[in-house]
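In what follows, a structure is listed as structure tokens, so that the remarks can point back to it.
Below, each value reflects all heavy atoms present in this structure, side chains not excepted, and no hydrogens, waters or symmetry copies.
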Amino acid sequence: MPQVRAPDVRIALVLLASMFLANCAPGQEGEAPPETFATASAATSSDETQDCADITPNSAYTECFRQRALAALDDVAAELPKARTLAEAADAEYSRYAPDSTNADDKMPLARHLAMSHQNWTRYVEGQCELESTAAHGGSGTDTLRQKCRLRLARLRLEELRSAEALIDGNR
């Protein structure tokens, strides 16, 4: 029987979650574009252990990942307003073509879906990183696994936001 490596399992879980979340948006039909999955696999294929590989002891190793995860989450927080601004501008531009609509959701679909996507992502990170850290069964690696997960998923989210910005800006 072939041996399954942990990075392969994580990539598979991220891809499955991406497919699931992409099809969870209310009122959305069809599949997520293939580039969504290409971005996911490219971002998760890097070996995140290289970030803090030369650091010992274990507490410093974990702290290294915690600091990197916080910095990556700060990058996501800084990128989100840029994506929101683009989405709102595109929505305003599009709403000129539907001036009689009284439904606010019709006038701001990109901004609304961006907010919904980010809320779903936040919940996903909490659950996924809890799942991955549980693999250590409360041992000394528990928090390290959690921080590695947060770092990896924040980097992935940053790429997703930038891809969404390019898509939104390219369609205007």
Side-chain angles (χ1 to χ4, degrees), residues 5-28 30-53 61-91 108-136 141-172:
R5 299 176 308 150
D8 295 334
V9 172
R10 283 195 300 262
I11 290 169
L13 288 172
V14 169
L15 291 175
L16 286 172
S18 296
M19 289 187 292
F20 176 76
L21 290 175
N23 289 313
C24 284
Q28 296 296 309
E31 296 181 13
E35 59 272 11
T36 302
F37 306 117
T39 301
S41 63
T44 58
S45 65
S46 66
D47 186 7
E48 72 266 1
T49 59
Q50 296 295 51
D51 287 313
C52 303
Y61 183 70
T62 300
E63 181 61 20
C64 174
F65 277 109
R66 188 180 78 74
Q67 291 297 324
R68 290 178 189 262
L70 288 173
L73 289 166
D74 286 346
D75 291 344
V76 169
E79 196 69 31
L80 188 59
K82 296 175 190 174
R84 185 180 305 120
T85 299
L86 277 172
E88 289 170 352
D91 284 341
M108 300 299 283
L110 288 171
R112 184 171 49 86
H113 285 284
L114 176 64
M116 181 176 47
S117 169
H118 198 69
Q119 289 170 350
N120 289 338
W121 177 79
T122 301
R123 285 192 297 272
Y124 168 72
V125 168
E126 290 172 17
Q128 181 64 26
C129 293
E130 190 62 29
L131 169 67
E132 291 183 25
S133 66
T134 302
T142 300
D143 198 40
T144 302
L145 290 174
R146 182 178 294 110
Q147 299 309 325
K148 282 181 171 183
C149 174
R150 291 175 70 215
L151 173 59
R152 187 184 74 254
L153 295 180
R155 287 176 174 170
L156 178 61
R157 181 60 175 168
L158 186 60
E159 291 304 313
E160 290 170 347
L161 287 172
R162 288 177 177 159
S163 293
E165 290 168 6
L167 181 65
I168 291 167
D169 203 32
N171 283 329
R172 293 180 56 213

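- Among residues two or more places apart in sequence or in another chain, the salt bridge (Lys or Arg N to Asp or Glu O under 4.0 Å) test is passed with R123 by none.
- Applying the side-chain contact (heavy atoms from CB on, under 4.5 Å) criterion to A166, with sequence neighbours excluded, gives no partner residue.
- Listed by chain and residue number, nothing satisfies the salt bridge (Lys or Arg N to Asp or Glu O under 4.0 Å) test with R150 (two or more places apart in sequence, or in another chain).
- Listed by chain and number, the residues in a side-chain contact (heavy atoms from CB on, under 4.5 Å) with T85 amount to none (sequence neighbours excluded).
- Here the shortest heavy-atom pairing between L145 and A135 reads CD1-CB, 4.4 Å.
- Between I168 and L110, the shortest heavy-atom contact is CG2-CD1, 4.2 Å.
- Here the CD atom belonging to Q128 is positioned 6.5 Å from the CZ atom belonging to R152, to the nearest 0.5 angstrom.
- Applying the side-chain contact (heavy atoms from CB on, under 4.5 Å) criterion to S117, with sequence neighbours excluded, gives R157.
- In this structure E88 satisfies the side-chain contact (heavy atoms from CB on, under 4.5 Å) test together with R84, M108, A111, sequence neighbours excluded.
- When each of R66, Q67, R68 is checked for a side-chain contact (heavy atoms from CB on, under 4.5 Å) with L151, only R68 meets the rule.
- The shortest side-chain heavy-atom distance between H113 and M116 falls under the 4.5 Å cut-off.
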Inset, instruction - Start with the C-alpha distance between R112 and D91, add both sets of side-chain angles, then the distance that settles side-chain contact (heavy atoms from CB on, under 4.5 Å), and finish with yes or no. - result: CA-CA 10 Å; R112 184 171 49 86; D91 284 341; over 6 Å; no
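- Rounding to the nearest 0.5 Å gives a distance of 12.5 Å between NZ of K148 and SG of C129.
- Shown here for D51 and F65, the closest heavy-atom pair between the two residues is CB-CE2, 4.0 Å.
- Of all heavy-atom pairs between T142 and S133, the closest is O-CB, 3.3 Å.
- If you take CG on L161 and CG on L114, they are separated by 6.5 Å, rounding to the nearest 0.5 Å.
- Residues passing the salt bridge (Lys or Arg N to Asp or Glu O under 4.0 Å) test with R146 are E130, D143, sequence neighbours excluded.
- When the salt bridge (Lys or Arg N to Asp or Glu O under 4.0 Å) test is applied to E165, no partner is found at least two apart in sequence or on another chain.
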